[in-house]
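If you scroll down you'll find the structure; I have some questions about it.
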Amino acid sequence: MFSYLIRRILIAVPLLLGVVFIVIASFDLVPGDPAALILGEFATESAVAELRAELGLDRPLLVRYADTVVNLLQGDLGRSLTERRPVAVILGETFPLTAQLAGAAIALVLLVGIPLGLIAAMRPGSWIDNVIRVVSLAGLSMPVFWTGLVFMVIFSVNLGITPVSGTGTWRHLILPSVTLALPSIAVIARMTRSTVLEVLREDFIRTARAKGISERSVLVKHMLRNAMIPIVTVLGLQLGQMLGGAVLTETVFAWPGVGRLTVFAIFNRDYPLMQGVVMVLAMVYVGVNLLVDLSYGLFDPRVRYA
Amino acid sequence: MSLPEPGSSAPSPQASAPSGGAHEARRKALRRFFGNKLGVAGAVIVVGFILMAIFAPYLAPFDPAEQSLLNRRQAPNATYWLGTDEFGRDILSRIIYGARVSLGVALGSVGIGLIVGSTAGAIAGYVGGAVDTLVMRVMDLLLAFPYLLLAIVIVSALGPGMTNTIIAIAVWTVPAFARVARSAVLQIKERDFVVAALALGAKEQRVMRVHLLPNFGATLVVYASLYLAYAILMESALSFLGLGVQPPRASWAGMISNGRNYLTAAPHIATIPGVAIALAVLGFNLLGDAIRDVYDPRATRDG
Amino acid sequence: MRHVRSVLAVLTVLALLAGVGLAQKTLTIARPTDPVSLDPHFETTAPGSWVFSQILEPLITVNQDMEIEGRLATDWEFIDDTRLRFTLRQGVTFSDGTPFDAEAVKYTWDRAWDEERPGRWKSLAGPVEGVEIVDDYTVDLVAAQPYGPLLLTATMPYTGIVSPTAAEELGDDFGRQPVGTGPFTFVEWRANDRITLEANDDYWGGRPNLDRVVFRTIPEEGARMLSLRAGEVDMVLMPTPSDLPALESDPNFVVEGAPGVGVFYLAFNLDRDAVADVRVRQAVAHAIDRELIVEAILEGGGVLATSVIGEPVFGYKDMELLERYPYDPERARELLEEAGYARGSDGFMVDENGDRLVLELLPSNGRSLKDREIAETLQEFLRQAGIDVEMDIFEWATTFELMRGATLDYDLNSFTWFTTTADADYTMYSNYVSTELPPASWNRWRYANDDVDEWLKAARASLDMDEREELYHRVQDQLAHDLPAIPLYGSYEVAALRANVEGFVAHPIQYLLDLHPVDIVD
C-alpha cells in the first residue's frame with residue numbers, strides 16, 4: 001500500500017514537468033507580450049524592451065524552462081508579472097474559494113444526482129424515468145452564464161432570498177454552487193442510472209434475489225457497492241473539472257477563485273501566474289485520481305494495491 | 001486483480017461474439033431501435049437539425065447577417081417569427097444558419113476526438129507496455145491541464161475561427177475517448193472469444209477490427225453523444241470569452257452569449273438559441289442511448 | 001438628585017447621537033475589473049485610478065467643468081517658459097503622520113522618474129524633467145524645453161503625492177496598501193473581490209460624508225445591474241446602456257453622466273494599398289450611419305463623435321463630419337467607382353481584375369463600450385456599400401500586440417483613445433506626427449502630412465494658449481479632409497446610482513471620480 005502511494009506520487013513528477021513546459025512553451029507560441037501589457041498603452045518601445053529583459057523573457061525557451069524548474073525545486077513559484085506579488089500568496093487567496101465552491105457543488109451532485117439516477121433506474125422506461133432523463137439533459141445543455149443570470153433574476157432580484165454575487169456568507173454560495181452543479185448532476189444521474197441497470201442484470205444480483213434476500217439488502221449491499229466504482233470515477237473527473245474550470249460560474253457570480261485567475265493569467269500573459277495555477281490544478285488532478293482509485297478498495301474488496 | 005482504470009466509467013461494453021446471420025441481426029436491431037420511442041424521437045430531432053443545417057439557404061426567411069437597427073430587439077411577431085436580436089437580425093434565420101456552426105463545431109470536434117482518441121487508446125490498450133505508458137501519460141498531461149486554458153492557448157496561437165475552435169475543443173475530447181477505448185479493449189482482450197480467436201491464429205489487425213471495435217463501439221457512441229453536449233458548452237465558454245467563431249457567422253452559444261446582456265430588456269434573444277441547444281443535446285443523447293441499446297443484447301428497452 | 005438626572009439625560013442624548021453615528025454610511029460601487037496595482041506610478045487603468053485617487057492627491061486637478069483647481073497646491077504660475085512654480089498647502093499630513101512638504105513632492109516625482117523603474121506615465125510627460133525644491137512649501141516643475149501641456153500634465157491622477165515614509169517602508173507592497181493625504185484611507189484589498197476604504201478623519205478639506213467606500217469587482221455586466229436593482233450596490237460605473245432608460249424612469253435610481261474625453265474611431269492603415277486612396281476612405285465614411293450606431297448600439301452610453309478628440313478637451317473643434325460625409329451608401333459606391341472599382345454582380349465592388357474589394361478589420365474587443373457590436377455593425381454597413389469586411393476578433397493581449405506592431409497587416413482597426421490630460425497635444429502629437437510610428441508611438445494610421453507635423457510641433461512648444469488652440473483647429477480641418485480615421489462615438493462617462501446617493505457629479509475624464517462630497521441620505 002505504502003509503496004503504491006509512493007509510486008503514484010512519483011508518476012506525478014513528469015506530469016508536473018510536462019504542464020510547466022507547456023506553459024513556458026506557450027509564451028513562444030501565443031502572441032502577446034506581457035511586458036507591453038504591463039506597461040499599458042502609453043509605454044515607449046525601449047521601456048517595454050527593458051521590462052522584458054528585467055523579467056527574463058528575452059532568454060531562450062530551454063533556459064527559461066531550466067530556470068523555472070530549478071526555482072520550483074526550491075519551492076519558489078515565482079512572482080506574478082502583473083501584480084508583482086508572490087504567486088504562492090495569490091494562489092493561497094484564491095484556491096480556498098474555488099475549493100468551497102467546488103465542494104458545495106459536488107455535495108449537491110451527490111445528494112441530487114445519485115438519487116435521481118437511482119429513481120430512474122428502478123423503473124426504466126417509466127414516465128418518471130423519462131422526465132428525469134429529459135430534465136437532466138436540459139440542465140446539461142444550458143450554458144452556465146445563462147442559467148446563472150436567470151437564477152439571479154429569479155432568486156436575488158425578484159424573490160430577494162439570495163445575494164446577487166460576491167462572497168462572504170453561506171448564502172453567497174447557494175446560486176453559484178447550484179449553477180456549477182447542474183451539468184454535473186445531469187451527468188451523474190445518467191451514469192448512475194446506466195451503471196445500476198448494468199449491475200442489476202449481473203448474475204450475482206439475480207442469485208441474491210433468488211436466495212430470498214430482502215430487496216433493500218440487495219440494493220444496498222450488492223448493487224450500490226458495485227455501481228459505485230464507475231460513479232466515483234466520473235465524480236472525480238467532474239470535481240477536477242470544477243476546480244479548474246469554474247471560470248464562467250466564477251465570472252458571472254463575481255467569485256474571486258482560481259477559474260478567473262486562470263483567465264486573468266492567460267489574458268495578461270502572466271506566465272509565472274499561469275504556471276502556478278496550472279501546477280496546482282495538475283496536483284489536484286493527481287490527488288483526486290488517487291483518491292478515486294483508493295476508493296475502489298472500499299467498494300470492491302477484490303481490488304488490491306500492489 | 002489490478003486497479004480499474006480511471007475512466008472505465010462508461011457502461012461496460014457487453015461482449016458478445018458476433019454471430020452468424022448478419023442480416024437477421026440487422027433486422028432485429030432495427031426492430032429494437034424502432035420500438036424505442038425516445039430513440040426515434042432523438043433520431044427525428046437529430047436528422048431534422050442536420051437537414052436544417054444543410055438546407056439553411058432555402059429555409060431561412062431572411063439573410064442572417066442583414067441588420068435592421070431600427071427593428072432591433074423585437075419580440076416574436078408575424079414578420080419575424082422568433083423576433084429580432086440586438087442588431088435587428090432575424091433570429092429564426094440565425095438559428096437555422098447557426099445550426100451549421102454549432103453542429104459543425106460539435107460534430108467536428110467530437111468526431112476528431114473520437115477517431116484520434118479511440119485509436120490511440122485502443123492501440124495503447126492492445127499493445128500495452130511502453131506504448132501504453134507513453135500514450136496514457138500524454139493523455140494525462142492533457143487532462144491535467146485546465147481545459148479552458150488549453151483551449152484559449154490554442155485559439156490564441158492559431159487565431160480565432162471555426163476550424164481552430166474545432167481543433168481547440170477536439171484536443172480536449174481526445175483523452176476522454178482514449179481512456180474509454182483503452183479500458184474497453186483491456187476488458188475485452190481478456191474475454192474468451194478474443195483469446196480463442198488469437199489462439200486459432202487470427203491476425204491481430206483482424207482481431208481488432210472484427211472483435212474489438214464492434215464491442216466497444218456502443219460505449220463510444222454513448223460517450224460521444226454526451227461529449228457533443230460538452231462540446232457545445234465548450235464553444236459557449238469560448239464565445240463568452242470572445243474567442244468563438246467570427247462574425248457575421250453565429251453559433252447558438254454565441255447568440256446566447258451576446259444576448260445575455262439584454263436579459264431583462266429582451267429575454268427572447270438568449271432564450272431561443274438556448275432552446276435550440278437543449279433540443280439538439282437531447283436529440284443526440286436519446287439517439288446515442290438507443291444505439292447503445294441496439295448493440296447491447298441484454299439491455300431491454302431501458303436505454 | 002436633579003443633578004444626577006440631568007447627567008443621565010445628557011448621557012442618553014449622547015448615546016442616541018452615538019447610535020446615529022454608528023449607522024455607518026457605506027457607499028458600495030460596482031465596476032468590471034480589479035486594478036492591477038494601487039500605486040499611481042505603476043497602474044494605468046481607470047479602475048485603479050478610481051481607487052487610488054481617493055487616497056492620493058496631485059498638486060492640482062481638473063474639476064467637472066474642466067477648470068483647474070488646487071489640491072495640494074494653493075497657487076501656481078509659470079515663472080518662465082520651462083518652469084512652473086507651485087505654492088504648497090501647509091499643515092497637511094499624510095495618513096501615516098508624515099508631514100506633507102516640498103520633500104514629499106520631490107520624492108514622488110523622483111520615484112516616478114527613477115531610471116531603473118520609471119513610472120508608467122513618464123512617457124506621457126514629454127520633456128518634463130522633474131521637480132526642484134525652492135523652499136519647504138514651494139516647488140518648481142521643470143521641462144527641458146517649452147512645453148504647452150505642462151500645466152495639464154500636473155493634473156493627471158498619476159501624479160498623486162505618495163507618503164515617502166510609507167513608500168520607502170513598503171517597497172513593492174505600496175501598490176497593495178497606498179498611503180496619501182486624500183479624503184479616504186486604505187483599509188483592505190481582497191483581490192478580485194473588493195477594496196475597502198474609510199474616511200480620513202483628519203482630511204485637510206474636511207472629513208468626507210461617507211464613512212466607508214467599498215469598490216466591488218463584478219465582471220459580468222448583467223450581474224452588475226442586477227446588484228444595483230437588488231440593493232447590493234449603490235453605484236455602478238460603466239452600466240449597461242440598454243438598461244438606462246428603465247433606470248431613469250424608476251424613482252429609486254438616478255443616472256449621472258458627462259460627455260467624456262475619449263473617442264472611439266475606425267482607423268485606416270495608410271500603408272495598405274486598398275485604403276491609401278482618400279476616396280476609398282471617404283466612401284467608407286459615407287457608408288456608415290454613425291448617428292444610427294450611436295442611437296441603436298450605444299443607446300445613451302456614448303455621444304456622436306464630432307472630432308478625433310472629445311469636446312471637453314482643450315483644442316477641440318467640430319470637424320463637421322455629418323455635413324462633409326453624410327450617410328449615403330450610393331455616394332460611397334460612386335466614390336469607389338471614381339477610385340477605380342466597379343459594381344460586381346453579387347453586390348460587392350470589384351477591382352479591374354474582377355476581385356472583390358475586401359478590407360481586413362482588427363477590432364478592439366471587450367475593451368471599449370460595445371466595441372465588438374460596433375465591429376459587427378460596421379461590417380454590415382460596409383457590406384451594404386459593396387465593401388467586404390473580414391475581421392479577426394482576438395482577446396486584448398493579441399490585439400494589442402498586433403496594433404502596436406511595426407507593420408500592421410490590417411486595413412482597418414477600431415479603438416478608443418482617451419485624451420487623459422484633456423489637452424489636444426496628448427492625442428494629436430503621438431497619433432498624427434509622421435515620425436511617431438509604432439511600436440515606439442501611436443501613429444497607427446501611418447499618417448504623414450508635413451503641415452500637420454509643423455503645426456503640432458509648434459503647438460507643443462508654445463505657451464500661448466490662443467495660438468495653440470488655433471493650431472489644433474487647423475490640424476482638425478486637415479484631418480477632416482484626409483480622414484485617416486473616422487470618429488464614431490465620443491465616450492460618455494456615466495454612472496447609475498440609487499436615488500439616496502447625493503452629491504455625485506460625473507467627470508468628463510474617466511480616471512477621475514470625486515467621492516469627497518458624496519453622501520447617502522435616507
Side-chain angles (χ1 to χ4, degrees), chain B residues 62-74 84-90 94 148-149 151-165 168 237-251 254-267 269-270, chain C residues 219-226 229 239-247 288-299 301 347 360-367 369-384 388-399 401-402:
Chain B
F62 291 91
D63 178 342
E66 188 172 333
Q67 301 183 354
S68 168
L69 290 174
L70 293 175
N71 291 321
R72 67 189 185 278
R73 299 204 297 261
Q74 286 193 2
T84 59
D85 70 2
E86 69 273 27
F87 297 104
R89 297 179 295 206
D90 178 42
R94 291 181 72 71
L148 202 53
L149 187 59
I152 296 172
V153 167
I154 292 171
V155 171
S156 303
L158 301 179
M162 187 162 157
T163 317
N164 295 337
T165 304
L238 288 174
S239 298
F240 180 87
L241 296 170
L243 296 171
V245 297
Q246 301 285 295
R249 274 207 225 183
S251 68
M255 291 167 73
I256 302 181
S257 175
N258 298 340
R260 72 183 194 280
N261 287 338
Y262 308 99
L263 190 69
T264 41
I269 298 177
Chain C
E220 178 68 10
E221 193 174 296
R224 282 200 296 281
M225 300 312 285
L226 294 176
R229 285 185 182 279
T240 310
S242 60
D243 282 6
L244 294 181
L247 288 177
I288 303 167
D289 189 343
R290 297 157 57 243
E291 286 174 296
L292 186 57
I293 289 180
V294 170
E295 180 203 321
I297 308 282
L298 292 159
E299 301 182 288
E360 289 175 61
L361 167 64
L362 178 67
S364 106
N365 173 29
R367 191 71 185 171
L369 184 67
K370 303 286 168 198
D371 48 6
R372 193 195 54 78
E373 286 83 350
I374 288 176
E376 273 195 75
T377 295
L378 291 176
Q379 186 179 43
E380 172 65 10
F381 272 123
L382 293 180
R383 187 177 75 134
Q384 302 289 349
D388 193 4
V389 172
E390 284 175 6
M391 61 172 127
D392 286 333
I393 298 182
F394 299 101
E395 32 85 53
W396 178 244
T398 305
T399 310
E401 169 145 318
L402 292 171

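The chains referred to below are lettered A, B, ... by the order of the sequence lines, with proteins before strands, and numbering in each begins at 1.
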* Residue among Thr377(C), Val389(C), Ile393(C) satisfying side-chain contact (heavy atoms from CB on, under 4.5 Å) with Pro247(B) ->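 Checked Thr377(C), Val389(C), Ile393(C) against Pro247(B); only one passes side-chain contact (heavy atoms from CB on, under 4.5 Å): Ile393(C).
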* Please flag which part of Glu299(C) lies under 4.5 Å from any non-hydrogen atom of chain B: side chain, backbone, both or neither. =>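 Looking at Glu299(C), just its side chain touches chain B.
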* Which portion of Asp289(C) sits near chain B, non-hydrogen atoms under 4.5 angstrom ->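 Neither part; nothing is under 4.5 Å.
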* Work out which heavy atom in Glu373(C) is nearest to a heavy atom in Phe87(B); give both atom names and the distance. =>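 Looking at all heavy atoms of both residues, the shortest contact is O-CE2, 3.3 Å.
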* To do: Considering only heavy atoms, give the residues of residues 151-158 of chain B separated from chain C by less than 4.5 Å, sorted numerically, with 'none' for an empty result.
  =>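 Checking residues 151-158 of chain B against chain C gives Ser156(B).
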* Find the one option among Glu380(C), Glu390(C), Glu221(C) whose heavy-atom pairs under 4.5 Å with chain B are most numerous. =>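 Max contact count across the listed options: Glu380(C).
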* Over all heavy atoms of both residues, which pair between Phe394(C) and Pro160(B) is shortest? Give the atoms and the distance, please. =>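 Minimum heavy-atom separation between Phe394(C) and Pro160(B): CE2-CD, 3.0 Å.
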* To do: Heavy-atom pairs under 4.5 Å with chain C are the metric here; pick the option from Gly88(B), Ala266(B), Ala65(B) that has the most.
  =>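 Winner by heavy-atom pair count: Ala65(B).
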* Does any heavy atom of chain C fall under 4.5 Å from the side chain of Asp63(B), the backbone, both, or neither of them? ->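 Just the side chain, heavy atoms under 4.5 Å.
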* Under 4.5 Å from a heavy atom of chain C, the part of Gln67(B) involved ->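 Both parts, heavy atoms under 4.5 Å.
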* Asked: Tell me, side chain or backbone of Gln379(C) under 4.5 Å from chain B's heavy atoms, or both, or neither?
  ->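 The side chain, not the backbone.
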* To do: Give the minimum heavy-atom separation between Leu69(B) and Ala296(C), together with the two atoms involved.
  =>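 Closest pair (atom of Leu69(B), atom of Ala296(C), distance): CB-CB, 3.8 Å.
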* Verdict with supporting geometry, Glu376(C) and Arg89(B), salt bridge (Lys or Arg N to Asp or Glu O under 4.0 Å) -> CA-CA 12 Å; Glu376(C) 273 195 75; Arg89(B) 297 179 295 206; 2.7 Å; yes
* Considering only heavy atoms and a distance below 4.5 Å, find which of Leu263(B), Asn258(B), Leu70(B) pairs most often with chain C. =>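 Max contact count across the listed options: Asn258(B).
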* Asked: Is Arg260(B) paired with Glu220(C) through a side-chain N to carboxylate O contact shorter than 4.0 Å?
  ->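 Salt bridge: yes.
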